[in-house]
Number of protein chains: 2
Amino acid sequence: MAYRETEKMRLRKAETRQRILDCALQLVMEGGFRNAQVSQVARRAEIATGTIYRHFTAKEELFAEVFRTATRREVTKVGESLAEAGSVIERLEQALRQFAARALNRPMMAWALIAEPVDPKVEAERLTYRKAYAELFEQAIREGMNEGCLPPQDAVCSSTCLVGALAESLVGPLSPVQGSTDETSHTSNTETLVNGIVRFCLQGLTGTGR
Amino acid sequence: MAYRETEKMRLRKAETRQRILDCALQLVMEGGFRNAQVSQVARRAEIATGTIYRHFTAKEELFAEVFRTATRREVTKVGESLAEAGSVIERLEQALRQFAARALNRPMMAWALIAEPVDPKVEAERLTYRKAYAELFEQAIREGMNEGCLPPQDAVCSSTCLVGALAESLVGPLSPVQGSTDETSHTSNTETLVNGIVRFCLQGLTGTGR
DNA sequence: ACAAGGAATGAATAATGATTCACTTTTATG
DNA sequence: CATAAAAGTGAATCATTATTCATTCCTTGT
């Protein structure tokens, strides 16, 4: 015998793998999944195309993981908002705002995660991700019902509606309409938009106007 | 001179064109846009592949039109619900139910229109289509505000939220999960689901529980 | 019947990108 | 250093489909 995988090597491999993931994520942030080809990822990571296949069995595998990672971050943030102090309603409002704010800050990323057409395997991740959001909201809603600050309702359904309303409202503003990296057009109404979403959603939950 | 396009020919051409559209739609209804290749459309329409290009400049053109047609039908239905007699609220409820019912009746079609990943040109049609729905709802909401049965609100935002909540709630049930043409699993909760959506949406609009 | 356009055909081509694989380089061990 | 085992390489291959175009087939008007 002559070669055994050593700790150092294991580490180096892990680093390369991570670099691939990072570069893939970068590309998605810059131009969505559509513009993130395997060869581009390789170039960005300064490795050969073939090397990527030593770390991932297929492109979809790689990008599913990219999606998962990006997503986890976002879900965590919303989860944190929901875990803070305050009434359930306040926390839900905070979470909705958090979601919207983060999306509007990284429009391309948000669009890629929320609405860009993607391969089946990645789309599957998207469903999971939306469900993860919904489940966070769902739990908060249940809490609210227990505390009595939310009326009895189907928590699953309500949380799904929340996610949908949020996503749909953001798709318009986020959509990378051909050749306009125009900052000015949206900036001003962002606040109004978010307020409108929050109002609708909270009313949908509470059945109570302001 | 010897050949001039005659009425008969014009008609025949129109028929072929229509047949292409019909067959393309059929294919989408059966397997979504993904399974609707140009060659398949040709085969189904019993013409040569090349013939399709005498009627449409490109695949995306064809399918954009398919999308538009399918969509128009749906939007019209919802529009009709909103135009019937009754209070604004009743009509909005009717429209929401109409939308959901039609979607659940033709799951593949609905999924293709609402959530399937599609080419950019078709995606553009999707945005238009969602906007068309939103505009119908928007108008009803304005009416409601004028009549005083809806509190003041941003009609655009509210209508967008409606569409989003509806779409998101349906995506789960509609998603063609690999290899399950299972009827039983959803059938029973359909009614519950729709009721939940309607409740959330109407509350979101009115700020009033039942 | 015939000539002059169009219309239709479908095999060949193009385009895009993922994936492979024969070969080179690197790493670990006796 | 020699050798075994991986890891890395990237040009070539494969796969999938849209699109083209040289050719054939049909209409139409004389």
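As the structure is a prediction and not an experimental result, all values here were calculated from the model. Naming: A, B, ... by sequence-line order, numbering from 1 per chain.
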What residues 20-40 of chain A contributes to the DNA chain D interface at heavy-atom separation below 4.0 Å is none
Protein-to-nucleotide contact annotation, 5' to 3' order, nucleotides 7-14 of chain D [B base; S sugar-phosphate only; - none; under 4.0 Å, heavy atom]: SBBB----
So which pairs with a foot in residues 156-171 of chain B pass salt bridge (charged side-chain N to carboxylate O under 4.0 Å, His left out), sequence neighbours left out? R130(A)-E168(B)
Name all residues meeting the salt bridge (charged side-chain N to carboxylate O under 4.0 Å, His left out) criterion together with E143(B); count only those two or more places apart in sequence or in a different chain, and write none if there are none. R91(B)
Side-chain donor-acceptor pairs of residues 51-61 of chain B under 3.5 Å, sequence neighbours excluded:
from: T51(B); atom 1: OG1; to: A48(B); atom 2: O; distance (Å): 3.4

Expressed as a whole number of angstroms, how long is the span from R4(A):CZ to dT3(D):C1'? 16 Å
Could you give me the CA-CA distance, side-chain angles and deciding distance for R126(B) and T71(B), then say whether side chain to side chain donor-acceptor pair (under 3.5 Å) is met? CA-CA 9 Å; R126(B) 174 132 75 202; T71(B) 276; over 6 Å; no
Separation of Y53(B) atom OH from dA11(C) atom P, in whole Å? 16 Å
Once side-chain hydrogen bond (donor to acceptor under 3.5 Å, both in side chains) is applied, what residue pairs with a partner in residues 101-117 of chain A remain, sequence neighbours excluded? E74(A)-R102(A)
Just checking A58(A): base, sugar-phosphate only, or nothing, at a heavy-atom cut-off of under 4.0 Å? sugar-phosphate
To the nearest Å, how far apart are L11(B) CG and dA7(C) C1'? 16 Å
Bend angle of the helix from dA1(C)-dT30(D) to dG30(C)-dC1(D), from helix axes over five pairs at each end, nearest 10°: 10°
Going by salt bridge (charged side-chain N to carboxylate O under 4.0 Å, His left out), name the residues that satisfy it together with R73(B), two or more places apart in sequence or in a different chain. none
List in chain and number order the residues that pass side-chain contact (heavy atoms from CB on, under 4.5 Å) with E125(A), two or more places apart in sequence or in another chain; answer none if no residue qualifies. A64(A), F67(A), R68(A)
To the nearest Å, how far apart are F63(A) CZ and dA18(C) C1'? 11 Å
In whole angstrom, give the distance that lies between atom CZ of F56(A) and atom P of dT20(C). 16 Å
Euclidean distance, atom NZ of residue K8(B) to atom C1' of dG6(C) [Å, nearest integer]: 14 Å
With sequence neighbours left out, what residues match R72(B) under salt bridge (charged side-chain N to carboxylate O under 4.0 Å, His left out)? none
Separation between SG of C161(B) and CD of Q153(B), rounded to the nearest 0.5 Å: 9.5 Å
Return the set of residues passing salt bridge (charged side-chain N to carboxylate O under 4.0 Å, His left out) with E7(A) (not counting sequence neighbours), or none when no residue passes. R10(A)
Round to the nearest Å and state the distance from I52(A) atom CD1 to dC21(C) atom P. 18 Å
Taking CD from E60(A) and P from dA15(D), how many angstroms apart are they, rounded to a whole number? 17 Å
Return each pair, listed once, that meets side-chain hydrogen bond (donor to acceptor under 3.5 Å, both in side chains) where at least one residue sits in residues 14-29 of chain A; pairs must be two or more places apart or across chains. R17(A)-E65(A), Q18(A)-D22(A), Q26(A)-R44(A)
